[in-house]
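What follows is a single structure, written as structure tokens, with notes after it.
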Amino acid sequence: MTTTVDTAATTAATNPLLDFSGLARFDAIKPEHVTPAVDSLLAKASALVSALEAPMAQVSWSNFVEPLENATEQLGRAWSIVGHLNSVVDTPELRATYNENQPRLVEFWTALGQNLALFEKYKALQTGPDYAGLSVARKKVIDNAVRDFRLSGAELPDDQKERFADIQEKLAALTTRFSENILDATNDFGLFVSDESELAGLPEDVRHAARAAAEKDGKPGYKFTLHFPSYFPILQYADNRALREQIYRANATKASELGSKPEWDNSTNLQEILKLRHEEAAMLGFGNFAELSLVPKMAQSPQEVIHFLEDLGHRAKSYGEKDSDELRAFAKEQLALDSLEAWDMTYASEKLREQRYAFSEQEVKQYFPEPKVVEGLFQVIQRLFNVNIKPDSAPVWQQDVKFFRIEREGKLIGQFYLDLYARSGKRGGAWMDDARSRRMTESGVQTPIAYLVCNFTEPATVDGVRKPALFTHDEVITLFHESGHGLHHMLTQVDEVGVSGISGVEWDAVELPSQFMENFCWEWDVLQQMSAHAETGEPLPRALFDKMTAAKNFQSGLQMLRQVEFSLFDMHIHYDYDAAGSDSVQSVLNQVRDKFAVIRAPAFNRFQHSFSHIFAGGYAAGYYSYKWAEVLSADAYSAFEEAAAKGDNVISIETGLRFQQEILAVGGSRPAIESFKAFRGREPSIDALLRHSGMAA
């Protein structure tokens with residue numbers, strides 16, 4: 001592959017990926033820009049690395065760390081734009097150039113992480129006379145760098161470095177392929193229903209969306225897909241049991257040996273990923289990948305994580321068994337379902353919720369039109385953190401994407417893109433990613449920019465009129481969650497790129513701000529301000545809110561056990577599972593289920609084949625982070641509850657500013673446990689999580 005720099009094609013004027021003067025030019029970026037940009041930036045970064053390898057009389061922050069960060073930050077920013085586009089507007093051309101260039105980036109970063117000359121300079125900085133006078137943030141950057149060089153194989157013998165680099169390249173290709181298989185299997189599936197009577201029970205807006213999807217394909221009737229806003233309402237509302245089973249099977253077997261096409265089967269991919277991770281860990285002197293994964297996290301060992309999860313599982317199991325018994329009895333007596341199958345669970349649960357609490361998710365949804373929800377979210381953020389959020393303009397990758405700026409006292413402190421709706425070519429789920437990090441440059445502070453991405457149902461067009469999207473309460477919670485990640489990134493006050501925002505934050509603490517923000521979705525004062533009925537404009541009635549609150553912990557035992565199941569499975573396959581042995585990954589999942597599942601998934605369920613969090617994301621041996629950080633977030637939120645109990649509003653400005661100063665502003669510049677204790681004045685306690693989950697003694 002050529003790495004010759006074609007100067008005609010790689011100037012900022014001709015290649016938007018090389019223009020770092022302002023916002024990314026998403027309206028101008030094309031797949032053909034990727035390779036020339038990568039050529040140029042790799043050549044520039046490699047030349048700088050070569051120069052920095054040379055002996056120096058004295059290594060300093062300004063003559064070593066700063067120039068290295070400058071060169072690598074631009075390379076990382078440009079590639080993150082390509083990766084972002086690959087996630088939100090996947091096309092064959094973009095995918096091809098992404099997969100062609102990804103190995104080159106992996107090769108560069110792996111070689112950088114193994115560069116002994118650079119490693120020695122960081123160690124010299126760490127032990128040198130100037131270290132004591134550096135800021136806390138700069139010390140943390142240096143300490144993290146020394147740790148990461150070791151974890152990247154810098155101390156390996158030369159004859160092993162080539163194999164280590166080969167592992168990184170193979171893992172990058174396998175995890176990308178894992179994700180692509182899920183996306184392809186999702187996009188390929190279409191369930192067409194011609195007879196509207198088969199859709200009994202489905203809400204009107206869901207049918208409108210399915211009708212529009214069929215029309216887009218030039219077909220009659222209704223089309224349902226494996227995108228969450230399309231398939232989940234069938235499981236939740238469709239009276240047609242056969243229809244529920246059909247969509248459940250398709251979703252539960254996608255990207256597996258039981259799926260629609262063998263070329264999208266992730267069976268071999270996940271097995272190879274586990275083998276390579278284990279080999280990588282062994283080369284670095286660890287007994288397993290879980291031990292390697294935990295080095296930069298809060299948890300100290302796999303055994304500690306397993307104990308934490310099993311303790312939660314045992315606490316939740318009696319609640320889960322009670323939830324299960326109630327659901328089975330209700331399904332038999334009220335729905336004539338003698339056997340409760342996997343495709344009946346969500347349907348029966350919704351019916352039980354409606355009967356017990358006298359409301360439906362669909363009724364609640366009418367009160368949460370997108371404009372009102374977004375406005376309400378912004379009001380919470382503005383009050384809590386003394387900022388203003390305003391519409392802003394920027395080139396975008398799709399017409400529905402919006403762009404905003406955050407200001408404090410008229411000064412720009414951050415910006416973000418909001419991409420809310422599911423569509424073909426966009427991977428599933430919801431996430432925040434950093435488009436640009438805060439750092440100090442020669443021209444002043446570079447303000448951070450975030451992507452906030454969700455997959456909600458797009459607005460329906462009825463009789464030629466586009467109506468605002470309506471959100472379920474769960475979707476409102478998801479939006480608040482991702483906004484919490486965004487605030488962590490954008491409200492940082494740290495000027496060193498390696499530890500500003502979410503950078504350098506321990507993975508098992510990174511969910512603290514996101515889960516913290518979810519709590520405001522259960523506050524009466526907040527929901528009043530962010531709700532307006534789609535037809536009448538009336539805010540959420542108090543009576544309906546009280547029913548929602550009563551139902552908040554409906555089946556919380558089952559939900560807790562589900563998270564424990566996923567987390568223990570993740571930890572065990574990376575800790576004590578032999579990927580080269582005779583046991584299957586499925587057997588590990590079955591053993592976890594034997595211990596904690598009170599409702600078993602059917603034998604054909606291949607959940608692990610689309611578990612992209614751990615096989616294509618950053619959560620390998622780290623999925624437990626959701627529950628671990630939930631202990632922190634629930635305890636942090638209890639400070640706001642305490643303020644309210646003393647007469648302050650739950651959106652306490654004083655407490656909000658302390659949360660910002662001690663948690664958000666410091667980013668990764670100090671250990672997360674220190675930030676938590678600075679905010680709460682003590683060690684974290686599990687009590688608030690159990691209380692919020694309805695499991696307090």
Side-chain angles (χ1 to χ4, degrees), residues 293-294 297-300 304-317 319-320 323 429-432 473-474 476-488 502 505-523 549 552-571 596 613-614 617-619 621-642 650 659 662-664 671-673 675-677 679-680 682-697:
S293 172
L294 291 180
K297 295 183 172 74
M298 291 177 72
Q300 297 297 300
E304 182 186 6
V305 173
I306 290 169
H307 175 76
F308 165 73
L309 292 170
E310 290 193 341
D311 179 51
L312 272 184
H314 289 307
R315 289 172 186 261
K317 193 161 186 183
Y319 292 93
D323 291 341
W431 67 91
M432 188 287 296
H473 189 243
D474 280 346
V476 174
I477 291 171
T478 296
L479 181 59
F480 269 66
H481 178 103
E482 299 309 331
S483 299
H485 283 310
L487 292 168
H488 203 180
I502 60 170
V505 176
E506 296 98 316
W507 198 262
D508 41 8
V510 84
E511 297 294 335
L512 192 172
S514 55
Q515 293 175 335
F516 161 80
M517 284 297 294
E518 292 181 21
N519 290 283
F520 292 102
C521 300
W522 292 102
E523 296 293 347
T549 305
K552 179 187 175 187
N553 291 319
F554 176 62
Q555 297 184 343
S556 64
L558 288 175
Q559 291 167 20
M560 180 82 82
L561 289 175
R562 180 174 178 267
Q563 288 298 100
V564 166
E565 177 184 309
F566 293 172
S567 302
L568 279 172
F569 165 69
D570 166 45
M571 188 52 63
F596 289 106
H613 272 75
I614 68 168
Y619 284 86
Y623 196 78
Y624 76 92
S625 301
Y626 283 103
K627 297 318 288 184
W628 186 279
E630 202 174 343
V631 172
L632 305 177
S633 65
D635 197 350
Y637 189 73
S638 64
F640 290 79
E641 295 173 318
E642 290 161 12
V650 74
F659 184 82
E662 302 295 359
I663 305 287
L664 303 179
I673 191 63
S675 296
F676 180 88
K677 288 193 290 188
F679 174 63
R680 284 303 267 142
R682 56 167 173 75
E683 294 279 348
S685 163
I686 198 173
D687 295 349
L689 171 62
L690 295 175
R691 175 169 53 81
H692 288 177
S693 302
M695 296 181 192

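A donor-acceptor pair under 3.5 Å links the side-chain atoms of Gln300 to the main chain of Met298, judged by distance alone. Glu511 contributes no side-chain N or O that, together with a main-chain N or O of Ala629, makes up a donor-acceptor pair within less than 3.5 Å. Of the possible polar contacts, one joining the Asp570 side chain to the Gly622 backbone as a donor-acceptor pair under 3.5 Å is found. A side-chain donor-acceptor contact under 3.5 Å links Asp323 to the backbone of Gly557. A donor-acceptor pair is defined here as one N or O able to donate and one able to accept, closer than 3.5 Å; no such pair exists between the side chain of Ser567 and the backbone of Val564.
Among all heavy-atom pairs drawn from Met560 and Ser693, the shortest one is CE-OG, 4.0 Å. Residues Ala509 and Ala672 come closest through the heavy atom pair CB-CB, 3.4 Å. Across Glu523 and Val650, no two heavy atoms sit closer than the pair OE2-CG2, 3.6 Å. Counting all heavy atoms, side chain and backbone alike, Met695 lies closest to Ser556 at CE-O, 3.4 Å.
Ion pairing between a basic and an acidic side chain is recognised when a charged N comes within 4.0 Å of a carboxylate O; Arg691 and Glu641 show such pairing. Using a 4.0 Å cut-off between a side-chain N of Lys or Arg and a carboxylate O of Asp or Glu, Arg682 and Asp635 qualify as a salt bridge. Electrostatic pairing of Glu630 and Lys627 counts as a salt bridge here, judged by a charged N lying under 4.0 Å from a carboxylate O.
Using cut-offs of 30° and 60° on the angle between ring planes, the pair Phe640 and Tyr637 is parallel.
Between Tyr619 and Tyr626, the distance separating the two ring centers is shorter than 6.0 angstrom. Side-chain rings of His473 and Trp522 approach one another, their centers coming within less than 6.0 Å.
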Fill in: Intermediate values then yes/no, side chain to side chain donor-acceptor pair (under 3.5 Å), Asp508 and Tyr624
CA-CA 7 Å; Asp508 41 8; Tyr624 76 92; 2.6 Å; yes

Item to complete: Apply the test side-chain contact (heavy atoms from CB on, under 4.5 Å) to residues Tyr623 and Gln563: give CA-CA distance (whole Å), side-chain angles for both, the deciding distance (0.1 Å), then the verdict.
Response: CA-CA 9 Å; Tyr623 196 78; Gln563 288 298 100; 3.7 Å; yes

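Considering only heavy atoms from C-beta on, His481 comes within 4.5 Å of Ser514 through its side chain. Side-chain contact check for Val631 versus Phe308: some heavy-atom pair is nearer than 4.5 Å. For the pair Ser625/Val510, no side-chain contact is recorded, criterion being any heavy-atom separation below 4.5 Å from C-beta on. Side chains of Glu683 and Phe676 form no contact here, defined as non-hydrogen atoms less than 4.5 Å apart.
Taking NE2 of His692 as the start and CG of Asn519 as the end, the distance is 5.5 Å to the nearest 0.5 Å. Note that CZ of Phe679 and CG of Leu664 are 9.5 Å apart. Values are rounded to the nearest 0.5 Å. Atom CD of Glu565 sits about 12.0 Å away from atom CG of Leu309, to the nearest 0.5 Å. Note: Thr478 OG1 to Trp431 CH2 = 13.0 Å, rounded to the nearest 0.5 Å. Note that CD1 of Ile673 is 9.0 Å distant from CD of Glu506, once rounded to the nearest 0.5 Å. Within the model, atoms CH2 of Trp507 and CD1 of Ile502 stand 7.0 Å from one another, a figure rounded to the nearest 0.5 Å.
Side chain to side chain, Arg680 and Ser638 meet the donor-acceptor criterion of an N or O pair below 3.5 Å.
Taking a 6.0 Å sphere around NE2 of His307, one finds it holds 12 or fewer heavy atoms contributed by other residues, nucleotides or ligands.
Just one of Leu312, Ile306, Val305 meets the side-chain contact (heavy atoms from CB on, under 4.5 Å) condition when paired with Leu568; it is Ile306.
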